[in-house]
Amino acid sequence: MLFYKIQVNFHHLSIHLNSLNEQEIFMRYSQYFLPTLKETPADAEVISHQLMLRSGMIRKVAAGIYSYLPFGLRSLRKMEQIIREEMDRAGAIECLMPMANPAELWQESGRWEKYGKELLRFKDRKSADFCMGPTHEEVITDIIRNTVSSYRQLPLNLYQIQTKFRDEIRPRFGLMRGREFVMKDAYSFDLDDAGADSSYAKMYQAYRNIFNRCGLNFRSVEADSGAIGGNFSHEFMVLAESGEDGIVSCDSCEYAANVEKAEIAYGDVETPAATLELHKVATPGQKTIEEVAVFLQLSPQQLVKTLIVQTSADEILAVLLRGDRELNMIKLTNLLDVDWVLLAEDDVVKQTTGAPTGFAGPIGLKIRVIADTEVKGLADFVVGGNAIDVHFTGANQERDFQISQFSDLRQAVAGDPCSRCDGGKFEKWRGIEVGHIFKLGVKYSEAMNATVLDADGKTRPLVMGCYGIGAGRTVAAAIEQNHDENGMILPMPLAPFQVLVTMLNPKDDLVREAAEKLYQQLLDLNIEVLLDDRNERPGIKFKDADLIGIPLRVTVGARNLKEGNVELKIRKGGTMSMFSLDEITPQLQQLVDAGLAFEPGK
RNA sequence: CGGGAUGUGGCGCAGUUUGGUAGCGCACUUGACUGGGGGUCAAGGGGCCGGAGGUUCAAAUCCUCUCAUCCCGACCA
């Protein structure tokens with residue numbers, strides 16, 4: 001009996017599978033898995049995170065760790081596919097490396113010690129050390145050094161789209177800064193600098209193509225190469241108010257840079273003659289620049305602040321900046337050629353200056369004093385007195401204290417003069433870093449002994465570049481840039497579906513038949529269509545439609561169907577128009593094609 | 001890692017001050033009505049209050065520890 005039952009069930013199953021095609025199953029809202037939320041989850045702060053949760057794209061599993069639900073996965077896959085196509089077009093070749101990396105490789109490059117706590121380490125059953133790969137220079141270099149031994153095999157650019165793990169200090173904002181995230185990373189190998197530059201240029205162009213194809217408003221900016229190391233780099237920034245990075249671009253030339261890097265033009269700075277005597281003034285309890293300025297009835301620009309810093313080379317030194325300026329730690333780190341620079345702890349400040357934090361000044365200091373170039377043009381300013389509740393007025397360099405070096409050390413602000421052209425001024429933006437490309441040089445190849453023989457039979461280290469794109473972050477950034485109060489408005493190339501057909505009343509035979517027919521026509525045209533065939537009230541369907549932000553929405557309702565019409569609403573901008581059942585399909589086809597249009601290389 | 005906050009059905013929250021054995025809205029199930037912007041009515045199901053320990057006749061509520069999550073900071077003297 002049991003056998004018989006199984007047979008019957010199996011028989012039914014095979015009939016079932018044969019009679020439905022895949023699209024029939026998956027593109028009907030009533031059968032799909034799209035759990036939308038009416039209310040915003042309490043722990044989502046930024047709009048992309050809120051909307052991705054509400055629209056059923058993602059769900060949180062742990063801090064900085066998310067599951068992609070089907071709807072979100074569709075967007076992610078589209079992003080990946082755009083990346084893949086442009087990488088392939090640029091001559092890169094796809095591969096896939098493991099998440100679990102053996103410690104030996106990381107010890108060899110020196111990063112097992114250097115990378116810090118972001119590197120998630122663990123042991124296997126034999127107690128061997130491993131880490132989750134946060135990036136793959138080590139693994140790829142190991143592959144290349146064992147397989148490439150001649151310059152004839154170059155150039156080579158390998159990439160993968162793979163899940164990374166970085167145990168971030170503070171994951172936040174949903175997919176914007178997750179611990180586990182999908183990243184495209186590529187690594188180029190060339191015989192010499194010129195070759196590496198050419199590989200870099202190809203990637204630069206590929207990246208521009210990728211973000212253009214995504215329909216994003218972005219800037220490519222010069223950036224600091226940071227912990228990854230190397231010679232120079234560019235970041236690709238999607239412009240959005242919620243961005244974690246500040247960037248500047250010149251209003252008259254092509255220069256654009258991360259504020260961390262942005263070079264300011266100082267021109268020829270002359271030190272004005274001193275006109276005031278040095279005076280010691282009591283400033284009880286006035287510690288910050290703001291407090292001192294108010295207390296002395298001066299503007300912050302008339303003060304010079306003295307920052308006591310400690311470096312990885314164990315030096316303690318003083319850095320001077322105009323009172324209203326901010327120190328750029330990265331410029332300072334690069335100037336001093338050290339691994340890191342930190343503001344000194346309070347007790348170090350006290351030991352060095354003899355006063356608690358807030359009263360440091362350059363006069364009488366025994367340590368090296370360096371200054372932002374702007375300070376060179378200042379005279380008769382206020383500085384800390386190196387004693388509690390004391391400042392000096394009328395302070396002047398040369399006369400009262402010595403500065404051993406001037407350099408561009410401050411954070412660029414809007415309106416600063418551009419260092420690359422005459423008369424250009426910086427504009428300031430906020431951006432989300434979605435891509436970053438580096439020319440690495442020989443840092444890893446030398447550390448890991450990855451060499452080839454050149455045409456003269458000489459051994460040379462490979463010249464490398466590495467190139468990353470945060471796939472999930474780019475989707476999130478697209479939402480940050482494209483949404484309104486009702487939900488997201490994804491650009492066509494990243495939208496999970498291209499067209500939503502809203503069947504208003506499924507119980508109305510005419511409506512149902514018209515919607516079904518349209519749905520079928522769109523499927524036949526390979527348009528990605530979601531049919532909202534749920535037995536829900538119109539309000540629910542419209543709210544969900546706005547929330548999930550499919551670019552094109554066709555509403556099939558009894559009212560317009562009487563005249564043989566359906567309504568088309570463009571999610572972006574909200575324009576509505578009426579089309580007959582015959583006209584709508586070619587119209588949609590045209591809009592879909594237009595939304596996907598992109599000419600690479602521009 | 002420092003500071004702040006929060007953990008109560010799937011989601012949003014109340015209840016904690018003043019201990020008395022868990023409630024509201026949404027969602028969900030069933031039925032009916034309704035059908036162009038989160039509709040109405042009726043009847044239901046679901047949590048032992050993040051976890052552990054303690055105080056007490058009695059703990060979501062008080063105490064201790066712990067875990068988790070979110071925000072700010074970790075450069076601006």
Side-chain angles (χ1 to χ4, degrees), chain A residues 35-46 49-50 53-54 56 59-65 116-117 169-174 259-260 283 286-293 300 303-311 318-333 340-346 348-350 352-353 355-362 372 382-386 388 391 409-411 413 486-487 502-508 511-512 534-547 553 555-562 566-567 569 574 576:
Chain A
T36 57
L37 301 173
K38 199 172 194 172
E39 286 175 282
T40 304
D43 54 10
E45 191 76 8
V46 296
H49 188 200
Q50 294 174 354
L53 288 168
R54 287 191 57 206
R59 284 293 185 270
K60 186 174 73 183
V61 177
I65 300 177
K117 286 192 172 176
I169 305 171
R170 184 146 94 88
R172 59 184 141 179
F173 304 153
V259 286
E260 293 176 346
T283 49
Q286 312 299 311
K287 295 166 81 165
T288 66
I289 289 292
E290 200 55 41
E291 286 165 2
V292 174
L303 277 62
V304 166
K305 62 177 157 191
T306 305
L307 280 58
I308 307 298
V309 300
Q310 282 175 290
T311 75
V319 180
L320 305 186
L321 293 168
R322 200 173 83 181
D324 58 328
R325 302 303 194 186
E326 296 181 7
L327 174 62
N328 183 322
M329 283 300 216
I330 290 175
K331 288 180 181 176
L332 181 60
T333 305
W340 49 260
V341 174
L342 287 174
L343 280 194
E345 302 284 337
D346 287 353
V348 175
V349 172
K350 189 151 192 185
T352 310
T353 67
T357 300
F359 300 99
D372 178 53
V382 174
V383 294
N386 293 330
I388 187 160
H391 280 78
L409 290 175
R410 70 177 173 88
Q411 201 86 273
V413 296
N486 296 316
T502 301
M503 179 196 287
L504 273 190
N505 184 357
K507 289 181 181 162
D508 182 323
V511 168
R512 198 181 61 249
R534 292 175 300 167
N535 189 18
E536 294 287 357
R537 309 252 326 165
I540 290 177
K541 294 187 172 185
F542 290 139
K543 286 290 184 190
D544 274 336
D546 287 345
L547 176 62
R553 182 181 97 199
T555 303
V556 182
R559 206 170 66 191
N560 294 316
L561 210 53
K562 270 186 235 158
V566 293
E567 182 187 284
K569 183 175 177 186
M576 297 215 223

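Reminder, nothing fancy here: chain letters follow the sequence lines and each chain counts from 1.
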In whole Å, I'd like the distance from the [atom1] atom of [X] to the [atom2] atom of [N].
| X | N | atom1 | atom2 | answer |
| --- | --- | --- | --- | --- |
| A:R170 | B:G2 | CZ | P | 15 Å |
| A:E45 | B:A5 | CD | P | 16 Å |
| A:L307 | B:C75 | CG | P | 12 Å |
| A:D324 | B:C75 | CG | C1' | 16 Å |
| A:L53 | B:G10 | CG | P | 16 Å |
| A:D372 | B:C75 | CG | C1' | 15 Å |
| A:K543 | B:G39 | NZ | C1' | 14 Å |
| A:D43 | B:U6 | CG | C1' | 10 Å |

Watson-Crick or G-U wobble partner of [N], both distances under 3.5 Å:
| N | value |
| --- | --- |
| B:A59 | none |
| B:G73 | B:C1 |
| B:A68 | B:U6 |

Quiz item: So, the side chain of A:K117 versus the backbone of A:I169: is there a donor-acceptor pair under 3.5 Å, distance only?
Solution: no
Quiz item: Any sub-3.5 Å donor-acceptor pair from A:N328's side-chain atoms to A:V259's backbone N or O?
Solution: yes
Side chain of [X] - closest among [options]:
| X | options | value |
| --- | --- | --- |
| A:T288 | B:G35, B:G36, B:A77 | B:A77 |
| A:T555 | B:U69, B:G36, B:C75 | B:G36 |
| A:K305 | B:C76, B:A27, B:G37 | B:C76 |
| A:K38 | B:A27, B:U69, B:C76 | B:A27 |
| A:R537 | B:C75, B:G36, B:U34 | B:U34 |
| A:A42 | B:U69, B:G12, B:G37 | B:G12 |
| A:L343 | B:U69, B:A77, B:G36 | B:A77 |
| A:P41 | B:C76, B:C11, B:G36 | B:C11 |
| A:E39 | B:A77, B:C11, B:G36 | B:C11 |
| A:F542 | B:G37, B:A77, B:C28 | B:G37 |

Could you tell me how far [M] sits from [N] if I compare only their [atom1] atoms? Round to whole Å.
| N | M | atom1 | result |
| --- | --- | --- | --- |
| B:G44 | B:C67 | C1' | 36 Å |
| B:U16 | B:U21 | P | 14 Å |
| B:A14 | B:A5 | P | 16 Å |
| B:G25 | B:U40 | P | 12 Å |
| B:A59 | B:C63 | P | 15 Å |
| B:G2 | B:U55 | C1' | 33 Å |
| B:C70 | B:C41 | C1' | 40 Å |
| B:G10 | B:C28 | C1' | 9 Å |

Could you check whether [X] gets within reach of a base, just the sugar-phosphate, or nothing at all, counting any heavy atom under 4.0 Å?
| X | answer |
| --- | --- |
| A:N560 | base |
| A:D544 | base |
| A:N535 | base |
| A:N505 | base |
| A:A44 | nothing |
| A:R553 | base |
| A:I308 | base |
| A:V349 | base |
| A:I169 | base |
| A:K60 | sugar-phosphate |
| A:A360 | nothing |
| A:K331 | nothing |
| A:R54 | base |

Quiz item: If you take atom types as modelled and just measure distance, does the side chain of A:D546 reach the base of B:G37 with a donor-acceptor pair under 3.5 Å?
Solution: yes
Quiz item: Is any side-chain N or O of A:E536 under 3.5 Å from a base N or O of B:G38, one able to act as donor and the other as acceptor?
Solution: no
Given [options], the one that forms side-chain contact (heavy atoms from CB on, under 4.5 Å) with [X]:
| X | options | value |
| --- | --- | --- |
| A:V341 | A:V319, A:T333, A:I330, A:L307 | A:T333 |
| A:L320 | A:D372, A:L409, A:T306, A:V383 | A:T306 |
| A:P300 | A:T288, A:V292, A:D324 | A:D324 |

Quiz item: Given A:T555 and A:K569, is the side chain to side chain contact (heavy atoms under 4.5 Å, CB included) satisfied, shown in steps?
Solution: CA-CA 8 Å; A:T555 303; A:K569 183 175 177 186; 5.8 Å; no
Quiz item: Can you check side chain to side chain contact (heavy atoms under 4.5 Å, CB included) on A:D544 and A:E536, steps first, answer last?
Solution: CA-CA 11 Å; A:D544 274 336; A:E536 294 287 357; over 6 Å; no
Practice problem: Mind running side chain to side chain contact (heavy atoms under 4.5 Å, CB included) on A:M503 and A:V556 for me, showing each step along the way? | Solution: CA-CA 5 Å; A:M503 179 196 287; A:V556 182; 5.5 Å; no
Quiz prompt | Toward the 5' end of RNA chain B, by each residue's nearest nucleotide, A:M329 or A:L37 | solution = A:L37
Practice problem: Could you say whether A:L342 or A:T40 is positioned toward the 5' end of RNA chain B, judged by the nucleotide with the nearest heavy atom to each? | Solution: A:T40
Exercise. Mark yes when over 12 heavy atoms from residues, nucleotides or ligands other than A:E291 sit less than 6.0 Å from its CD; otherwise mark no.
Key: yes
Quiz item: Phosphate oxygens OP1/OP2 of B:C72: is one of them under 4.0 Å from a side-chain N or O of A:R172?
Solution: yes
